[in-house]
Structures are given as C-alpha cells and as structure tokens.
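Accompanying notes for the structure given below.
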Amino acid sequence: IMVLQYKEKKSSNWKDYPGKKKIKDNPEDYDFRLLSHDKSKVLVEKTTYEKAFKRMRQIEFFKNKKGQGRSPIEIFDLE
C-alpha cells in the first residue's frame, strides 16, 4: 500500500490525497508525490498527477505479479 500526497504548486506543505473529486481545482494545479505506506520512503518525487498514478499502477502490477511467472520445482521420491 502506498500513500499519494498533493500540494498546491505555490504551497510547501503536503496533504494526503482525498480523491480527484474532493480537491478544489484541477489536478494540473497541484504537485503530487508517492510515498511508502509508513511514509518513510519517497517513491516518486514531486510530479504531475498522471505520472504519479502511472508509477503507482506499475508498482502494484509488479508487486502482485511477483512469483506468479515461475512454477515451483517439485521433488519426487523415486523409490
């Protein structure tokens, strides 16, 4: 799970993103960033809404795909 934050371009304090319909202006009027769940690591620096969401989808895709493409090795007892 990741945290998407936003701020007005002229502002300096970041807020957690409540959803596209709950912000006052267009997403183009804001800067966005993507953080890890515990907010200790910045995954995407200050960028546009589209770029932040694209990266979040990429991370989610690879996180869910991890380990699915490989078949486990089965060991048979040949007695």
Side-chain angles (χ1 to χ4, degrees):
I1 297 176
M2 294 163 277
V3 178
L4 184 64
Q5 290 187 334
Y6 76 107
K7 71 175 185 76
E8 292 184 26
K9 292 197 183 242
K10 58 188 173 197
S11 177
S12 63
N13 52 336
W14 292 93
K15 302 174 198 168
D16 288 349
Y17 183 64
K20 201 172 196 177
K21 295 181 179 180
K22 294 185 179 182
I23 58 176
K24 294 182 264 181
D25 301 321
N26 288 331
E28 292 83 30
D29 299 332
Y30 296 94
D31 289 325
F32 292 86
R33 72 178 180 177
L34 191 61
L35 303 172
S36 62
H37 177 66
D38 59 355
K39 298 181 183 179
S40 64
K41 184 177 179 184
V42 178
L43 304 173
V44 176
E45 293 288 339
K46 181 171 74 170
T47 187
T48 64
Y49 176 80
E50 291 82 17
K51 288 182 181 179
F53 246 84
K54 180 180 178 183
R55 183 64 183 138
M56 185 165 62
R57 285 191 304 267
Q58 288 173 340
I59 291 170
E60 284 295 320
F61 174 79
F62 286 110
K63 184 173 76 173
N64 292 332
K65 184 137 177 112
K66 187 176 182 181
Q68 289 181 356
R70 302 176 186 190
S71 60
I73 298 172
E74 296 181 17
I75 300 174
F76 296 99
D77 188 9
L78 301 173
E79 289 183 19

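Residues: numbered from 1 along the sequence shown. This structure is a prediction, so every number in the text was calculated from the model and none was measured.
One finds the CZ atom of Arg33 at 8.0 Å from the CD atom of Glu45 (value rounded to the nearest 0.5 Å). Between the NZ atom in Lys20 and the CG atom in Asn26 there is a gap of 9.0 Å [rounded to 0.5 Å]. We find the CD-CG distance between Gln5 and Asp31 to be 12.0 Å, quoted to the nearest 0.5 Å. In this structure, Lys9 NZ and Glu28 CD are separated by 8.5 Å, a value rounded to the nearest 0.5 Å. The line from NE2 of His37 to CG of Leu43 is 12.5 Å long, rounded to the nearest 0.5 Å.
For the pair Ala52 and Leu4, the tightest heavy-atom approach, listed with the atom from each and the gap, is CB-CD1, 3.9 Å. Summarising the geometry of Arg55 relative to Val44, their closest heavy-atom pair is CG-CG2, 3.3 Å, with the distance given to 0.1 Å. Between Asp25 and Tyr30, the shortest heavy-atom distance links the atoms N-OH, 3.5 Å. Closest approach of Asn13 and Lys7 over heavy atoms only: O-CB, 3.3 Å.
Side-chain contact check for Asp16 versus Lys39: some heavy-atom pair is nearer than 4.5 Å.
One hydrophobic cluster, built from ILVMFWY side chains closer than 4.5 Å, cannot hold both Leu35 and Ile23; they sit in different ones. If you chain together hydrophobic residues whose side chains sit under 4.5 Å apart, Phe32 and Met56 fall into the same group. Val42 and Trp14 are assigned to two separate hydrophobic clusters, defined by single-linkage of ILVMFWY side chains at heavy-atom distances under 4.5 Å.
Ring geometry, Tyr17 versus Tyr49: the interplanar angle falls from 30° to 60°, so the pair is classed tilted.
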